[in-house]
Amino acid sequence: MNAITADEVYKGADDPIDLSAIAQESAVLLYAKLCLVRAFEERVTSMFLQGKIPGTIHLALGQEACAVGACAALNLDDWITITHRGHGQALAKGVDPGSLMAELFAKDGGCCRGYGGSLHVGDISVGALPAIAIVGASIPIAAGIAYAFKTRREPRVALCFTGDGAMGEGDSHEGLNLAALWQVPVLYLCENNLYSISTPVSRQFRNTRLAERAESYGMKTTVVDGNNVVAVYEAVRSAVAQIRSGAGPMFVECLTYRRGGHKRDDPGTYRPRDEVDRWLERDPLQRMRRALVAIGLDERAAQAERQASEDIDKAVAFAEASPLAGLELL
Ligand SMILES: Cc1ncc(C[n+]2csc(CCOP(=O)(O)OP(=O)(O)O)c2C)c(N)n1
Ligand SMILES: [Mg+2]
């Protein structure tokens with residue numbers, strides 16, 4: 001069986017994050033974004049339980065480093081496509097936290113005027129195409145966006161967030177094939193959190209090395225520790241530089257894990273306790289915090305945590321004060 005085990009990626013639970021390749025200020029900024037996404041997701045949990053958020057929510061707690069590391073390597077005018085688990089992806093690309101929270105509250109101040117909700121967040125003004133909740137559908141759509149960039153000779157890149165489950169959809173084969181055939185500037189970033197709802201990758205695929213699928217269509221691939229924000233940033237930065245210089249599409253597989261269930265009504269009990277515990281030890285925020293503390297940036301880390309909490313207080317206040325989405329536009 002050709003399964004990737006976590007041990008192939010992690011040398012140990014305490015695998016330290018190497019900050020030597022990036023400026024200290026960049027490290028602090030990455031940590032600050034991680035804190036913002038974590039604080040947002042945690043607040044969304046309590047807002048949902050208070051009945052303030054209609055519909056359901058899919059949280060990306062534990063996967064923050066994938067979105068934050070990837071978007072830090074993009075320009076404002078690059079585009080991303082967002083998944084159903086997309087709050088962090090949207091925040092990382094620059095969607096305003098207040099407009100994102102208001103969207104979840106179905107308020108007029110939401111980034112999609114409150115009509116989209118949690119499953120359709122995004123804001124075109126910052127290059128975040130509102131999320132596509134049809135699993136796998138964004139794979140050909142991102143190829144199309146990149147085709148437009150190429151046709152117009154614009155030096156822009158489309159980054160398509162996707163998941164392991166999406167790799168089993170027909171759309172993934174069509175999209176990856178066309179992207180490679182047309183040599184368009186798209187980066188596929190697969191957040192492989194090892195589950196599609198309750199189904200582990202070993203029960204979705206005979207060959208669980210998902211990056212090999214992209215390789216078979218003729219694109220370069222990288223597999224990276226998705227709980228190491230610096231590793232994700234470096235991998236995406238390098239891939240984007242190659243794509244911009246005309247190397248064609250690339251595929252980055254980030255190995256990660258969601259802390260909770262698939263969505264709010266899922267306790268996730270199908271996962272072995274020791275597996276969950278092992279991944280909790282690899283928490284992307286705790287690891288980055290340890291790396292910052294190791295170089296004496298304790299106070300900057302604490303400041304980032306306070307700032308994130310304040311920003312989310314403001315986001316909630318904005319969402320509360322915003323009027324409900326009206327019917328005229330609908
Ligand atoms: C075409 C399609 N089939 C099924 C669903 C229901 N569904 C929503 S999320 C999901 C799991 C997707 O798994 P993955 O791509 O690994 O993303 P993750 O939820 O792990 O982030 C499924 C099957 C859907 N939204 N679209
Ligand atoms: Mg998954």
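Order of appearance sets the numbers: ligands from 1, and atoms from 1 within every ligand.
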Asker: Nearest heavy atom to atom 19 (O) of ligand 1 wins, so pick from M167, H58, H84.
Answerer: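 Comparing heavy atoms across M167, H58, H84, the nearest one to atom 19 (O) of ligand 1 lies in H84.
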
Asker: Heavy-atom contacts with S196 under 4.0 Å: which atoms of ligand 1 show up? List them by number with element.
Answerer: 11 (C), 12 (C), 13 (O), 16 (O)

Asker: Considering only heavy atoms of Y195, which atoms of ligand 1 have at least one such atom less than 4.0 Å away?
Answerer: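 Contacts of ligand 1 toward Y195, numbered from 1: 16 (O), 20 (O).
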
Asker: Any N/O/S atom, backbone or side chain, of S196 lying under 2.8 Å from the Mg ion (ligand 2)?
Answerer: no

Asker: Above 12 or not: heavy atoms from other molecules or residues under 6.0 Å from OH of Y115?
Answerer: yes

Asker: Can you tell me how far CG of L104 sits from OG of S118, rounded to the nearest 0.5 angstrom?
Answerer: 4.5 Å

Asker: Among T81, V186, L159, find the residue that satisfies the side chain to side chain contact (heavy atoms under 4.5 Å, CB included) test when tested with I145.
Answerer: T81

Asker: Salt bridge or not for R300 and D298, using N-O below 4.0 Å?
Answerer: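 Result for this pair is no, no salt bridge flagged.
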
Asker: Considering only heavy atoms of R85, which atoms of ligand 1 have at least one such atom less than 4.0 Å away?
Answerer: 18 (P), 19 (O), 21 (O)

Asker: Could you identify the single nearest non-hydrogen protein atom to atom 14 (P) of ligand 1 and state the distance to 0.1 Å?
Answerer: G165 N, 3.3 Å

Asker: For R259 and D283: C-alpha separation, side-chain torsions, deciding distance, then whether salt bridge (charged side-chain N to carboxylate O under 4.0 Å, His left out) applies.
Answerer: CA-CA 9 Å; R259 291 170 70 127; D283 180 75; 2.7 Å; yes

Asker: Step by step, would you call R156 with D78 a salt bridge (charged side-chain N to carboxylate O under 4.0 Å, His left out)?
Answerer: CA-CA 5 Å; R156 296 154 80 187; D78 292 328; 5.6 Å; no

Asker: Considering only the protein, which heavy-atom contact is closest to atom 7 (N) of ligand 1, and what is its distance?
Answerer: V135 CG2, 3.8 Å

Asker: Please confirm whether A133 comes within less than 3.5 Å of ligand 1 when only nitrogen or oxygen atoms on both sides are compared.
Answerer: yes

Asker: Between D313 and R43 (salt bridge meaning N to carboxylate O under 4.0 Å), is one present in this structure?
Answerer: yes

Asker: Could you check whether any side-chain heavy atom of L176 comes within less than 4.5 Å of a side-chain heavy atom of M219, counting everything from C-beta outward?
Answerer: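 Counting from C-beta outward, L176 and M219 do come under 4.5 Å.
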
Asker: Are any non-hydrogen protein atoms located under 4.0 Å from atom 10 (C) of ligand 1?
Answerer: yes

Asker: With heavy-atom distances below 4.0 Å as the criterion, list the atoms of ligand 1 near N193.
Answerer: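 Answer for ligand 1: 18 (P), 20 (O), 21 (O).
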
Asker: Which atoms of ligand 1 sit under 4.0 Å from any heavy atom of D164?
Answerer: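 Contacts of ligand 1 toward D164, numbered from 1: 15 (O), 16 (O).
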
Asker: Using a 4.0 Å cutoff against the non-hydrogen atoms of I134, which atoms of ligand 1 qualify?
Answerer: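 Listed by number with element: 1 (C), 26 (N).
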
Asker: Is the distance from the Mg ion (ligand 2) to some N, O or S atom of N192 under 2.8 Å?
Answerer: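 No, outside the cut-off.
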
Asker: With the Mg ion (ligand 2) as the point of reference, which N/O/S atom of D164 is the closest?
Answerer: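 It is OD1 of D164.
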
Asker: What residue and atom, counting heavy atoms only, is the protein's closest point to atom 23 (C) of ligand 1, and at what distance?
Answerer: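 Looking at atom 23 (C) of ligand 1, the protein heavy atom closest to it is I197 CD1, 3.7 Å.
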
Asker: Using a strict threshold of under 4.0 Å (side-chain N to carboxylate O), is an ion pair present between E305 and R289?
Answerer: yes

Asker: CG of N192 to CG of L210: how many Å apart, nearest 0.5 Å?
Answerer: 5.0 Å

Asker: Would you mind finding which of H262, E169, Q204 brings a heavy atom closest to atom 3 (N) of ligand 1?
Answerer: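 Checking each option, the heavy atom nearest atom 3 (N) of ligand 1 is found in E169.
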
